[in-house]
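Single-structure report; data block below.
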Amino acid sequence: MAFFVKGEKIVLKKDATWEADGVEITHDQTRELFFRSVHWDENEKKYFLEVGYEHMFIEVEDTAVFVTALEQADSQGLRAKLSNAADAPIKADQLQYRDGNLYLSLSDGQKAKFLSAPYYDLLKRLQEDERYYFLTIGGNRANLSSKEQGRPGAKKQSG
């Protein structure tokens, strides 16, 4: 029996929801399986799902990995729980704030987009000086935006 339907269009939306032919996939185990099964095809320059012996190319609107929660790693460090069931350290030099969204650069070169809950949890640590809004993580500073660009989290984050 085939897992994927021939001709089906699967999309990973920018808000971390999955759709199959325009219908949201709400089954938790299926969503979790999909997040763990996303891979990048270097030759085709496309993402695909691999489940057992089957694979299917998918559309990814923003990122294939999302930060779903924060975890205290030690007295100063934080770890990100990721949608693919992995976790990663959060370091100041790996954070990027762009278009109202916060991203974490991962060791494999991918970017993980913060979902709303961990995004706002992290912004509880937001500081400011005369020029920037910034976070201090593990004793290191991450400038998120200048005062001219506005305060992170001031407008609704998409996703």
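Remember, predicted model here, so these are calculated numbers, not experimental data.
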Within the 4.5 Å heavy-atom criterion, are Phe134 and Ser145 side-chain neighbours or not?
no

Which atom names give the shortest non-hydrogen contact between Met56 and Ile10, and what distance separates them?
SD-CD1, 3.5 Å

Which atom pair, heavy atoms only, marks the closest approach of Arg151 to Tyr97?
O-OH, 4.4 Å

When you compare the side chain of Leu106 with that of Lys111, does any pair of heavy atoms fall below 4.5 Å?
no

If you take all heavy atoms of Ala92 and Ala142, which pair is closest and at what distance?
O-CB, 3.3 Å

Gap between atom CG of Leu144 and atom CD of Gln149 - 0.5 Å precision:
10.0 Å

Exercise: identify the closest heavy-atom pair between Phe34 and Leu49:
O-CD2, 3.4 Å

Euclidean distance, Asp41 CG relative to His55 NE2, rounded to 0.5 Å
7.0 Å

Judged by atom type as modelled, is there a donor-acceptor pair below 3.5 Å linking the side chain of Lys124 to the main-chain atoms of Asp121?
no

Would you say Tyr47 ends up clustered with Phe35 if hydrophobic residues are merged whenever their side chains have heavy atoms under 4.5 Å apart, either directly or through other cluster members?
yes

Members besides Phe57 in its Ile/Leu/Val/Met/Phe/Trp/Tyr cluster (side-chain heavy atoms under 4.5 Å)
Phe48

In chain order, what residues pass the salt bridge (Lys or Arg N to Asp or Glu O under 4.0 Å) check against Glu128, with sequence neighbours excluded?
Lys147

Taking salt bridge (charged side-chain N to carboxylate O under 4.0 Å, His left out) as the cut-off, I'd like each qualifying pair that reaches into residues 17-26, sequence neighbours left out, listed once.
none

So, taking the atom named OG in Ser146 and the one named CZ in Arg131, what distance separates them when rounded to the nearest 0.5 Å?
8.5 Å

Do the side chains of Thr68 and Leu82 get nearer than 4.5 Å, heavy atoms only?
no

Arg141 and Asp129: salt bridge (charged side-chain N to carboxylate O under 4.0 Å, His left out), yes or no, with the steps?
CA-CA 12 Å; Arg141 179 175 165 148; Asp129 62 19; 2.6 Å; yes

I'd like to check Glu8 versus Ile58 (side-chain heavy atoms, cut-off strictly below 4.5 Å). Are they in contact?
no

Does any non-hydrogen side-chain atom of Leu78 lie less than 4.5 Å from one of Leu122?
yes

Taking side chain as C-beta onward, heavy atoms only, is Pro152 less than 4.5 Å from Leu126?
yes

Which one of Asn101, Ile90, Leu123 satisfies the side chain to side chain contact (heavy atoms under 4.5 Å, CB included) criterion with Phe114?
Ile90

Rounded distance (nearest 0.5 Å) linking atom CG of Leu95 with atom CG of Leu104
6.0 Å

In Å and rounded to the nearest 0.5 Å, what is the CG to CH2 distance from Leu12 to Trp18?
4.5 Å

What residues, two or more places apart in sequence or in another chain, satisfy salt bridge (Lys or Arg N to Asp or Glu O under 4.0 Å) together with Arg36?
none

Hey, could you give me each pair passing side chain to side chain donor-acceptor pair (under 3.5 Å) that has a residue in residues 57-67? Not counting sequence neighbours.
Lys9-Glu59, Lys13-Glu61, Asp62-Tyr103, Asp62-Lys113

Candidate pair Thr136 and Gln127, rule side-chain contact (heavy atoms from CB on, under 4.5 Å), full reasoning
CA-CA 8 Å; Thr136 303; Gln127 299 171 290; 2.8 Å; yes

Tyr133: what forms a ring-ring contact (aromatic ring centres under 6.0 Å, His included) with it, not counting sequence neighbours?
none

Mind checking whether Leu33 and Val11 sit in one hydrophobic cluster, side chains of I, L, V, M, F, W, Y counted as touching below 4.5 Å?
no

Would you compute the distance between atom CG of Asp108 and atom CH2 of Trp40 and round it to the nearest 0.5 angstrom?
12.0 Å

